[in-house]
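Remarks on the structure that follows.
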Amino acid sequence: KLLQYLKLAIFLFMENFICLFPLRKKYFAGEIVLITGSANGIGRQIALKLAPLGVNLVLWDIDDEGNKETSRLAQQNGANRVFAYHCDCSSREDIYEQADKVRKEVGDVTILINNAGILIGEKFCDIPDADFEKTLRINFFSQVWTCKAFLPAMMACNRGHLVSIASAGGFLGLYRMTDYASSKYAVIGMMEAINSELYHAGKHGIKTTIICPYFINTALTK
């Protein structure tokens, strides 16, 4: 036990020492940032946080009214340009179609923030097969398809950033969250594997980030 305590103490000391010399903050001006599930909740808050940093925002959601409001608020907050698209992230065909439009009308996405998600909130045996599949399509497969749509251009210039909003549920299966936890486990595994592939390909200019919220107060959790 003493040895474990010493290991933990050394780790915490090193972690806090490193924090005294923070890394240089990322420069966002001019970046083309695409956010899925941008009409409300975490997606909207990310858009509003990035807006004053001089980014070009691309907003994807099926909630057109909510997306228009996010667009309006982002412009008020100083976003360079804002483009709102209706996109059903459960549909591979719609994702690829909208991705083509973004490339033609805005340019190559340099920061992709995969945030779209749903939560059924029922016990495993009570979730209809169609709903379980829908959760996986939106929470996991949408991230597969968006990464496939935008990563090749990032690799071509060795520059970009993939961000996945996963969940603490991706580390620990919880009550009434079998579909959700399964999808988030998959997201974390995929992103770690993509990061490994980028490293071995020498694409060090492309960054990956996995974000795992725990307790949040959004429409999804309500």
_Other residues, nucleotides and ligands only: do more than 12 of their heavy atoms fall within 6.0 Å of CZ on F141?_
no

*Looking at CG of L34 and OG1 of T36, how far apart are the two atoms once the value is rounded to the nearest 0.5 Å?*
7.0 Å

*Stepwise side chain to side chain contact (heavy atoms under 4.5 Å, CB included) test for N139 and V187*: CA-CA 8 Å; N139 293 8; V187 164; 5.6 Å; no

*Pairwise distance CD1(I138) to CD(E133) - rounded to 0.5 angstrom*: 12.0 Å

*Rounded to the nearest 0.5 Å, how far apart are CD of E197 and CG of L151?*
9.0 Å

*Nearest atoms (heavy-atom pairs only) where V82 meets S71*: CG1-OG, 3.3 Å

*Measure across V55 and F28 and return the closest heavy-atom pair with its distance rounded to 0.1 Å.*
CG1-O, 3.4 Å

*On the 0 to 90° scale, with breaks at 30° and 60°, tag the F124-F132 ring pair as parallel, tilted or perpendicular.*
perpendicular

*Take V33 and N56 through the side chain to side chain contact (heavy atoms under 4.5 Å, CB included) test and state the conclusion after the steps.*
CA-CA 6 Å; V33 183; N56 301 297; over 6 Å; no

*What closest approach, in Å, do G160 and M154 show between heavy atoms, and which atom pair accounts for it?*
CA-SD, 3.9 Å

*4.5 Å side-chain heavy-atom contact, K101 and K104*: no

_Criterion side chain to side chain contact (heavy atoms under 4.5 Å, CB included) on R92 and V144, from CA distance to verdict_ = CA-CA 9 Å; R92 179 182 59 198; V144 174; over 6 Å; no

*Examine distances only and state if a side-chain atom of S196 and a backbone atom of E192 form a donor-acceptor pair shorter than 3.5 Å.*
no

*Thinking salt bridges, do R159 and E31 make one under a 4.0 Å N-O criterion?*
yes

_Given 3.5 Å as the limit, does a donor-acceptor pair link the side chain of R44 with the main chain of G66, or not?_
yes

*Taking the side chain as every heavy atom from C-beta outward, state whether T209 and S164 have any pair of such atoms under 4.5 Å apart.*
no

*Indicate yes or no: at least one non-hydrogen side-chain atom of L57 is less than 4.5 angstrom from one of R81.*
no

_Are more than 12 heavy atoms, taken from residues, nucleotides or ligands other than Y96, located less than 6.0 Å from that residue's OH atom?_
yes

*asked:* Restricting to non-hydrogen atoms, name the atom on L59 and the atom on T70 that form the minimum distance, rounded to 0.1 Å.
replied: CD1-CG2, 3.9 Å

*Report, as yes or no, whether the 6.0 Å neighbourhood of atom NZ on K25 holds more than 12 heavy atoms from other residues, nucleotides or ligands.*
no

*Going only through I, L, V, M, F, W and Y residues with side-chain contacts under 4.5 Å, is there a path from L112 to V106?*
yes

*At what distance, to the nearest 0.5 angstrom, does CG of N67 lie from CD1 of I35?*
9.5 Å

*Please confirm whether the backbone N or O of T178 pairs with a side-chain atom of S182, one donor and one acceptor, at under 3.5 Å?*
yes

*Does H200 offer a backbone N or O that forms a donor-acceptor pair with the side chain of K203 under 3.5 Å?*
no

*Do D61 and S38 have a side chain donor and acceptor closer than 3.5 Å?*
no

*Going from CG on L73 to NZ on K68, what distance comes out if it is rounded to the nearest 0.5 angstrom?*
14.0 Å

*Can you see which heavy atom on C147 is nearest to which on M190, and at what distance?*
SG-CE, 4.4 Å

_Other residues, nucleotides and ligands only: do more than 12 of their heavy atoms fall within 6.0 Å of CG on L48?_
yes

*asked:* Is it the case that the side chains of E105 and Y85 hold a donor-acceptor pair, with the cut-off being a distance below 3.5 Å and no angle test?
replied: yes

*Using the rule that two of Ile, Leu, Val, Met, Phe, Trp, Tyr join whenever any of their side-chain heavy atoms come within less than 4.5 Å, decide whether Y180 and M191 are in one cluster.*
no

*Under a 4.5 Å cut-off applied to non-hydrogen side-chain atoms, are M155 and L198 in contact?*
yes

*Do T110 and H161 have a side chain donor and acceptor closer than 3.5 Å?*
no

*Hey, does the side chain of S167 reach the backbone of C212 with a donor-acceptor pair shorter than 3.5 angstrom?*
no

*Any salt bridge between D126 and K123, counting N to O under 4.0 Å?*
no

*Worked check of side-chain hydrogen bond (donor to acceptor under 3.5 Å, both in side chains) between N114 and T146*: CA-CA 8 Å; N114 276 311; T146 53; 2.7 Å; yes

*Is a side-chain donor or acceptor of Y185 paired with a backbone partner of F171 at a separation under 3.5 angstrom?*
yes

_side chain to side chain contact (heavy atoms under 4.5 Å, CB included) between D100 and R103, worked out_ = CA-CA 5 Å; D100 284 339; R103 277 189 289 269; 2.5 Å; yes

*asked:* If hydrophobic clusters are built from ILVMFWY residues whose side chains come within less than 4.5 Å, do L162 and V102 share one?
replied: yes

*asked:* Taking I118 as the starting point, is it possible to reach I113 by hopping between hydrophobic residues whose side chains are less than 4.5 Å apart?
replied: no

_Approximate separation, where rounding is to 0.5 Å, of N115 CG and C89 SG_ = 9.5 Å

*Checking N158 side chain against G205 main chain: does a donor-acceptor pair fall under 3.5 Å?*
yes

*Smallest separation among heavy atoms of S90 and W145, with atom names*: O-CZ3, 3.7 Å

*When hydrophobic residues are tied together by side-chain contacts of less than 4.5 Å, even through go-betweens, does I95 share a cluster with F140?*
yes

